[in-house]
A.B. asks: 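Provided herewith is a single structure, encoded as structure tokens, for subsequent inquiry.
Quick caveat, the model's predicted, so the values are computed rather than measured.
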Amino acid sequence: MELALHADYDRRVYCMIHYIKYKITECGIMKWLIIFVIIGNLIYNFWGTFKANISVYEAVLLILSDKLMLATAFTLPVLLLVSNVFNFSRYELQIMLRQESAKRWFEANVLSSSILVLIYIIGLLSVFVAVGILHGMSFGNNWSRAASTQQLNPIGGFDYTGLPFIILVYKNVKPLTAILMELPLIFFRFVFYLEIQALFCHLSKQRSIGQIITIALNYFDVFFYNIFFDMRINILPHEQTIVTCIDGYRLPYFISLLYWILLLTGTMGAHFILAEDAAERMAINRLSELQ
């Protein structure tokens, strides 16, 4: 009996690993390379204006705090490269049925999307380092003289966020430490928008519609205050993604971590319910066909 259970467990683990590998390789290496070349070119031009004044670590924090770059250059490629996860196509639902568990199918997709996002973030960091080397920028881990007065965008501009480094400099948080704090937040952001994309693709039953809605929400998130309000309420994903401040203010870091944990828990919970419902309807239809 124990051998049978152990064999069944090994089979399930093998199937999950094989499925995750399939999801990762489905993206295609050439697509990844093209995306990183485009991102590298954008970063190279973006950093060219202030390469002599700040270090690579400060430049990374600055570009991750730029709303347009975050929403466009960094988030959109994730939605493109990882669009194959949580796919509610008929083929995927058949895989779900063969695994005899919507939970295992869902877990495999969560793992594969997380791995793909990690690969993407590692790729981004590699591009950051390469661009810094090409520009001959410093890798010093101390705040530069220009850091405390560095404006992200001109005052009064549509994308203005004030002096993004003020709080980090005041609290003596080193630039590299700030980047390490940033990584979990940006990871959570990418996974969250993948979940949102999958939810809307399932609800609309059209991948293109789900992607359009998700892209619209992504831009709405970063430019909400610029369009509608002057006062911030600190509940939008963008505010919890960056470790730099906006107009001299930022919520404590642990609140951002808690924010993402709760948001992802709720989103994934709703998504899992939809996956179970889809699997149940698929099973009923299959039984009807057999009868």
A.B. asks: Is there a donor-acceptor pair under 3.5 Å between the side chain of Glu182 and the backbone N or O of Val243?
C.D. replies: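 Answer holds: yes.
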A.B. asks: Should Val82 and Phe190 be marked as a side chain to side chain contact (heavy atoms under 4.5 Å, CB included) after you check the CA-CA gap, both sets of side-chain angles, and the distance that decides it?
C.D. replies: CA-CA 10 Å; Val82 198; Phe190 292 155; over 6 Å; no
A.B. asks: Using modelled atom types and a 3.5 Å cut-off, is there a donor and acceptor pairing between side-chain atoms of Tyr120 and backbone atoms of Val78?
C.D. replies: no
A.B. asks: Step by step, would you call Trp143 with Leu168 a side chain to side chain contact (heavy atoms under 4.5 Å, CB included)?
C.D. replies: CA-CA 9 Å; Trp143 293 108; Leu168 294 173; 3.6 Å; yes
A.B. asks: Quick one: CD1 on Ile179 to NZ on Lys174, what's the gap to the nearest 0.5 Å?
C.D. replies: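 Ile179 CD1 to Lys174 NZ: 13.5 Å, rounded to 0.5 Å.
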A.B. asks: Hey, mind stepping through Ile242 and Leu185 against side chain to side chain contact (heavy atoms under 4.5 Å, CB included) and telling me if it holds?
C.D. replies: CA-CA 7 Å; Ile242 60 174; Leu185 302 182; over 6 Å; no
A.B. asks: Below 30° counts as parallel, above 60° as perpendicular, anything between as tilted: where do the rings of Phe223 and Tyr219 land?
C.D. replies: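 The rings of Phe223 and Tyr219 lie parallel, inter-plane angle below 30°.
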A.B. asks: Taking the side chain from Thr75 and the backbone from Leu70, do they hold a donor-acceptor pair closer than 3.5 Å?
C.D. replies: yes
A.B. asks: Of the non-hydrogen atoms in Tyr259 and Pro237, which two are nearest, and what is the gap between them?
C.D. replies: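 Result for this residue pair: OH-N, 3.2 Å.
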A.B. asks: Going by heavy atoms in the side chains, are Pro184 and Trp260 under 4.5 Å from each other?
C.D. replies: no
A.B. asks: Do any N or O atoms from the side chain of Ser112 and from the backbone of Asn109 form a donor-acceptor pair under 3.5 angstrom?
C.D. replies: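 Yes; judged by distance alone, with no hydrogens or angles, the pair exists.
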A.B. asks: Do Glu239 side-chain atoms and Ile235 backbone N/O form a donor-acceptor pair below 3.5 Å?
C.D. replies: yes
A.B. asks: Quick one: closest heavy-atom pair of His238 and Ser65, and the distance?
C.D. replies: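 Nearest heavy atoms, His238 then Ser65: NE2-O, 4.3 Å.
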A.B. asks: Do Val127 and Leu80 land in one hydrophobic cluster if side-chain heavy atoms of ILVMFWY residues count as linked below 4.5 Å?
C.D. replies: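 In one cluster with Val127: Leu80, yes.
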A.B. asks: Measuring from Thr267:OG1 to Glu195:CD, what's the distance to the nearest 0.5 Å?
C.D. replies: 6.5 Å
A.B. asks: Classify the ring geometry between Tyr44 and His135 as parallel (under 30°), tilted (30 to 60°) or perpendicular (over 60°).
C.D. replies: parallel
A.B. asks: Measure the shortest side-chain to side-chain distance between Phe188 and Leu263 over non-hydrogen atoms and say whether it is less than 4.5 angstrom.
C.D. replies: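 When only atoms from C-beta onward are counted, Leu263 and Phe188 do not touch, as no gap falls below 4.5 Å.
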A.B. asks: Do you know the tightest heavy-atom contact between Leu76 and Ala71?
C.D. replies: CG-O, 3.4 Å
A.B. asks: Do the side chain of Asn45 and the main chain of Asn41 share a donor and acceptor less than 3.5 angstrom apart?
C.D. replies: yes
A.B. asks: Do any N or O atoms from the side chain of Thr177 and from the backbone of Val173 form a donor-acceptor pair under 3.5 angstrom?
C.D. replies: no
A.B. asks: I need the minimum non-hydrogen distance between Ala73 and Leu42, along with the two atoms involved.
C.D. replies: CB-CD1, 3.9 Å
A.B. asks: Examine Phe224 and Leu68 and state if one hydrophobic cluster contains both, with Ile, Leu, Val, Met, Phe, Trp and Tyr joined whenever side-chain heavy atoms are less than 4.5 Å apart.
C.D. replies: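 Yes.
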A.B. asks: Would you say that Leu116 contacts Trp32 through its side chain, given a criterion of any heavy-atom pair below 4.5 Å between the two side chains?
C.D. replies: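 Yes - at least one pair of side-chain heavy atoms lies under 4.5 Å apart.
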A.B. asks: For the CG atom of Leu199 and the CG atom of Leu194, what is their distance to the nearest 0.5 Å?
C.D. replies: 11.0 Å
A.B. asks: Does either side chain, that of Ser208 or that of Gln211, offer a donor lying less than 3.5 Å from an acceptor on the other one?
C.D. replies: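 Per modelled atom types, Ser208 and Gln211 side chains form no pair under 3.5 Å.
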A.B. asks: Count the heavy atoms of every other residue, nucleotide or ligand shown that sit under 6.0 Å from CZ of Phe139, and state whether that count exceeds 12.
C.D. replies: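 Enclosed: over 12 neighbouring heavy atoms sit under 6.0 Å from CZ of Phe139.
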A.B. asks: Restricting to non-hydrogen atoms, name the atom on Ser144 and the atom on Ile54 that form the minimum distance, rounded to 0.1 Å.
C.D. replies: OG-CG2, 3.4 Å
A.B. asks: Would you indicate whether the side-chain heavy atoms of Cys201 and Ile209 approach each other to under 4.5 Å?
C.D. replies: no
A.B. asks: Do Ile167 and Leu61 land in one hydrophobic cluster if side-chain heavy atoms of ILVMFWY residues count as linked below 4.5 Å?
C.D. replies: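 Hydrophobic grouping puts Ile167 apart from Leu61.
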A.B. asks: Measure the CD1-CG distance between Ile63 and Leu124 for me, rounded to the nearest 0.5 Å.
C.D. replies: 9.5 Å
A.B. asks: Could you pull out all residues at least two apart from Phe272 that satisfy ring pair (Phe, Tyr, Trp, His ring centres under 6.0 Å)?
C.D. replies: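 With sequence neighbours excluded, Phe272 shows a ring pair (Phe, Tyr, Trp, His ring centres under 6.0 Å) to Phe106, given in chain and number order.
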A.B. asks: With a cut-off of 6.0 Å (strictly less than), are more than 12 heavy atoms of other residues, nucleotides or ligands near CD1 of Ile29?
C.D. replies: no
A.B. asks: With the side chain counted from C-beta on, respond yes when Ile196 and His271 share a heavy-atom pair under 4.5 Å apart, and no when they do not.
C.D. replies: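 No, too far: nothing below the 4.5 Å cut-off.
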A.B. asks: Rounded at 0.5 Å granularity, tell me how far CD1 in Ile186 sits from CG in Leu64.
C.D. replies: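 Answer rounded to 0.5 Å: 4.5 Å.
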A.B. asks: Does Leu217 share a hydrophobic cluster with Phe74, counting links as ILVMFWY side-chain heavy atoms below 4.5 Å and allowing steps through other members?
C.D. replies: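 Yes, Leu217 and Phe74 fall within the same hydrophobic cluster.
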A.B. asks: For the pair Ser113 (side chain) and Val110 (backbone), establish whether a donor and an acceptor sit closer than 3.5 Å, ignoring hydrogens and angles.
C.D. replies: yes
A.B. asks: In terms of hydrophobic clustering (I, L, V, M, F, W, Y; side-chain heavy atoms under 4.5 Å; direct or indirect links), are Tyr57 and Ile122 co-clustered?
C.D. replies: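 Not linked; separate clusters.
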A.B. asks: Please report the shortest heavy-atom distance between Met137 and Ser55, naming the atom on each side.
C.D. replies: CE-O, 3.8 Å
A.B. asks: Side-chain donor-acceptor pair under 3.5 Å between Asp221 and Tyr193, yes or no?
C.D. replies: yes
A.B. asks: Walk me through it: do Trp47 and Val56 pass the test side chain to side chain contact (heavy atoms under 4.5 Å, CB included)?
C.D. replies: CA-CA 9 Å; Trp47 287 7; Val56 172; 4.2 Å; yes
A.B. asks: Nearest 0.5 Å, what's the OH-CG distance between Tyr249 and Asn234?
C.D. replies: 5.5 Å
A.B. asks: Please name all residues satisfying side chain to side chain donor-acceptor pair (under 3.5 Å) with Ser256, sequence neighbours left out, ordered by chain then number.
C.D. replies: Gln240, Arg250
